Amino acid sequence: MSTTKLTTHHGMVDLLPEDTEKWNYIESVIKDVARRYHFQEIRTPIMEPTELIARGVGQLTDIVSKEMFAFNRGDDQYVLRPEGTAPVARAFIQHHMAQRGGVQRLFYIGPFFRAERPQKGRQRQFHQFGAELIGAKGAIADAEIIAFMMEVYRRFGIENIKLKVNSVGNPSSRAAYKKALYEYFVPLQDQLSDISRNRLESNPMRILDSKEEQDQPLKEKAPRITDYLEKESRDHYEEVQQHLKQLGIPFETDPFLVRGLDYYTETAFELISPDLGSQDALGGGGRYDLLIEEIGGAPAPAVGFACGMERLLIVLEALNIELPSAEPPDVYFVTRGAPAAKWALETMPGLRSKGLVCTMDYSGRSIKAQMKDANRQQARYAIIAGEQELEEQIFTFRDMSESTEKKAAMADIISEICQK
RNA sequence: GAGCCCAUAGCUCAGUUGGUUAGAGCGCCAGGUUGUGGCCCUGGAGGCCGUGGGUUCAAAUCCCAUUGGGCUCCCCA
């Protein structure tokens with residue numbers, strides 16, 4: 001092939017004007033929820049040191065072992081960030097944010113990258129919003145984070161969603177649980193799926209995540225992590241549930257909900273929607289009391305969530321929830337002849353400074369074509385100017401939806417538009 | 001990494017058992033109104049039928065490969 005078509009890479013999409021209108025809208029709603037919860041935005045670089053992600057997310061995770069966009073430049077190793085929590089934790093440490101006192105309430109919104117095979121609700125460049133509450137240990141913080149996440153979906157009128165919560169305890173109770181799980185599954189390993197059997201040695205908790213048909217009956221009688229929690233963890237978990245009930249947030253407990261990463265502790269939660277395909281998670285999160293220490297900071301308890309924006313849009317689409325489209329122009333200048341076009345060009349800034357949206361034809365087409373364009377763009381008014389109008393400074397002012405028009409001076413036209 | 005499905009105009013899709021010059025609707029451009037939109041009428045532009053090879057007198061149609069897309073598993077948001 002002699003020529004190559006230049007298109008986006010696999011799993012990367014362009015957002016065209018009709019898309020960005022929607023994105024801007026959902027971003028504005030998310031930011032408004034963040035504002036009311038008094039979380040402030042943090043923007044970290046899109047590239048991070050590879051080691052941060054490897055240590056923060058975990059060497060053994062799929063994300064680090066096979067899904068990173070990573071490259072070297074000189075002696076530096078870069079990776080396109082695959083998730084948001086480790087970068088925020090890094091910034092928290094780097095800028096000594098613990099010294100600011102109190103609890104840091106941070107939210108983010110932006111692109112992330114994972115080299116997965118694209119499918120519905122999963123792109124290689126995808127977008128998440130999320131929040132982190134760093135420095136708070138109590139169950140109130142967990143509840144606040146979950147409430148924040150749920151509020152976003154409530155604001156969009158999305159009701160058909162399920163919040164699942166669990167507790168994964170602390171490392172020592174989790175170790176005891178892993179051992180129990182291992183001992184439970186070993187005699188059954190011949191009945192397990194291949195994938196689950198492989199996990200038996202490396203990470204038996206992941207077997208609980210399995211969607212394989214044949215694993216389901218075996219999972220049912222498996223030991224539950226909640227029976228292995230230490231008293232402190234149990235109390236914390238209990239308290240989180242109490243808070244959620246008090247807040248009127250429906251949820252169900254799922255003893256098999258696990259998060260594979262080692263730094264996760266205590267509360268884990270996931271928000272799922274039946275309106276998504278096989279990628280049914282809208283968002284998820286949990287407590288990660290050990291992460292900050294793991295990547296070199298002074299120990300600090302933290303809890304956070306992350307949600308997929310593409311998945312939010314899929315659900316909005318499935319529910320036929322109307323999102324605003326582009327704002328139509330208030331005024332479309334229809335001109336005839338070069339002097340009139342020049343006049344329109346020079347007149348528009350004055351209207352724009354009054355907050356009006358205005359546009360014109362830029363290619364000297366026929367009046368008819370310009371009217372058609374004004375109609376297509378759903379302009380509220382057309383102002384028609386030719387030689388005669390310029391000379392008299394009296395213009396044809398047409399109300400496009402009423403199909404009425406009159407002659408008037410610009411000052412009168414402007415005041416009439418601004419009145420309505 | 002594994003599996004299944006799909007590929008014809010800008011978009012959505014027809015295209016019979018292989019058979020002349022590949023079609024429709026929408027959209028786009030223009031004319032019908034030499035200065036007026038939506039409805040209507042007329043005309044036009046726009047396709048190497050994803051790409052490469054094969055079978056055949058003849059391929060959008062059959063076969064193989066390849067690329068791209070969709071979906072599922074895995075994993076995750």
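Order of the sequence lines fixes the chain letters, A, B, ..., with proteins taken first and strands second; residue numbering starts at 1 for each chain. Model, not experiment: these values are computed from the prediction. Heavy-atom basis, side chains included; hydrogens, waters and symmetry copies ignored.
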Report each atom pair, protein N/O against N/O of nucleotides 67-69 of chain B, whose distance is under 3.5 angstrom.
from, atom 1, to, atom 2, distance (Å)
B:G69, OP2, A:His10, NE2, 2.9

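Remark: the separation of the P atoms in B:C28 and B:G70 is 27 Å, to the nearest Å. For the P atoms, the distance linking B:G37 with B:C29 amounts to 14 Å, nearest Å.
Aromatic pair A:Phe305/A:Phe269: ring centres not closer than 6.0 Å.
Of the charged side-chain nitrogens involved, none lies within less than 4.0 Å of a carboxylate oxygen, so that A:Lys406 and A:Asp399 do not count as a salt-bridged pair.
Between the CD atom of A:Gln119 and the C1' atom of B:C71 there is a distance of 7 Å, rounded to whole Å.
The phosphate of B:C71 has neither OP1 nor OP2 within less than 4.0 Å of any side-chain N or O from A:Arg122.
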Task: nucleotides 32-39 of chain B: protein proximity per nucleotide (B base, S sugar-phosphate only, - neither; heavy atom, under 4.0 Å) - done: B--BBBB-
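Using a 4.0 Å heavy-atom cutoff across all strands shown, A:Ala306 reaches sugar-phosphate atoms only and no base atom.
Here A:Phe126 counts as stacked on B:A77: its ring centre is under 5.5 angstrom from the base ring centre and the planes meet at under 30°.
RNA chain B forms stems at B:1-7 with B:67-73, B:10-13 with B:23-26, B:28-32 with B:40-44, B:50-54 with B:62-66, each a run of 3 or more consecutive Watson-Crick or G-U wobble pairs whose two key distances fall under 3.5 Å.
Annotation for A:Glu391: atom CD does not count as buried by contact number, only 12 or fewer foreign heavy atoms lying within 6.0 Å.
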